[in-house]
Amino acid sequence: MVRVHRPTPEFAGHLRVLYDRFPFDRSLADDPISVVRPLALDPRRGEIAGIFAATLAIGNTTAIRGAIGRLADAADGDLGSFITTIPSVERRKRLRAFRHRWIRGDQLAYLSDRLEAIYASDETLESIFANGMRDGGFADGLDALARRLRSPARPRGPRPPRGYRALFPSPLDPSHSPAKRLTLFVRWMVRARYPDLGYWHTVPTGELRVPLDHHVHWIAYHLGLTQRRTRSWATVEEVTRALREIDPIDPIRFDFVLCHTGISGDCPKERDLRICGPCAVRPDCRLWHGRRSAA
Ligand code: SF4
């Protein structure tokens, strides 16, 4: 039987202390948003840099930042102009040798074609997301975005390259994906508080969902914000509900701190008093449950 673990009644205060003490500057340098921001000079270029960067957000943060940098170099430092002024055939040529984990240049070139077609039809990624969300909820907004990005530009247009569609899973797919990368993209676009970009104004911050990578899932599970051991859309909703009880207006402000607590090594993911000692959420941590003081 799975043992249910819940945070202490003082958890909200503990989480706020973790947030307030967090060395944002240290972790910002390591985060993909640090290389997105210089490319995101206006709302259009913010969407374009953001969706490329979120698509590449697989693996460790150093490799992700390197991949975004190589993509920006291929675009002569301006991903907006890359989409709107460089012909598709030239984009394909420049991206031919691109690799990041299992993501290939031909997939990014196809994404660039999709973005070109979207902007040519006077739509934006925000309007696609917002229309989907209006018809249902946040998951429907992600679904609308995923569907539009992964479908061919025209009914008889070229088919997406191998593996392309899998880059844009939707929470409404039968797998109920947590859609971490699209959810992260929407966080960047909606939240106006640094370091996020705040270019979208039609989606309230209280509606955001947590981008559930394995660092966030690990700590959320160990703090009792979810009892689910697998990452799925249901887990995303459960963790988000718990964070919304603490800050209904901006629940996802805690995402950066929870994520980078894991990335930075501030959380060893095991009981280690040297590191866990000063951890503000130690009273709520499953690993320390029932151990009120030093082991
Ligand atoms: S107490 Fe230790 S293991 Fe638990 S969340 Fe804090 S740093 Fe991580």
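Every number for a ligand or one of its atoms is a count from 1 in the order of the listing. Reckoned from all heavy atoms, side chains included, excluding hydrogens, waters and symmetry mates.
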Item checked: Ligand-residue contact atoms, ligand 1 with Asp266, heavy atoms, under 4.0 Å ->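 Near Asp266, meaning under 4.0 Å from one of its heavy atoms, ligand 1 has 7 (S).
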Notebook entry, point to check: Hey, which atoms in ligand 1 end up nearer than 4.0 Å to a heavy atom of Pro268?
Noted result: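 Those atoms are 7 (S).
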Any salt bridge linking [X] with [Y]? Criterion: basic side-chain nitrogen under 4.0 Å from a carboxylate oxygen.
X     : Y      : value
Asp73 : Arg70  : no
Asp30 : Arg65  : yes
Arg92 : Asp113 : yes

Next item on the list: Could you note down all residue pairs passing ring pair (Phe, Tyr, Trp, His ring centres under 6.0 Å) where residues 174-195 supplies at least one of them, sequence neighbours left out?
Entry: Phe185-Trp200
Next item on the list: Quick one: closest heavy-atom pair of Ser112 and Arg91, and the distance?
Entry: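 Smallest interatomic distance, heavy atoms only, reads OG-NE, 2.8 Å.
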Notebook entry, point to check: What protein N/O/S atoms sit under 2.8 Å from atom 4 (Fe) of ligand 1, by chain and number?
Noted result: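 Checking every protein N, O and S atom gives Cys285 SG.
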Next item on the list: Please state whether the rings of His217 and Tyr221 are parallel, tilted or perpendicular, taking 30° and 60° as the class boundaries.
Entry: tilted
Item checked: Mode of Asp272 contact toward ligand 1 - side chain, backbone, both, neither (heavy atoms, under 4.0 Å) ->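 Answer for Asp272: neither.
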Check: Going by atom types only, do Asp31 and His260 share a side-chain donor-acceptor pair under 3.5 Å?
Finding: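 Checked: Asp31/His260 side chains pair up, N/O donor to acceptor below 3.5 Å.
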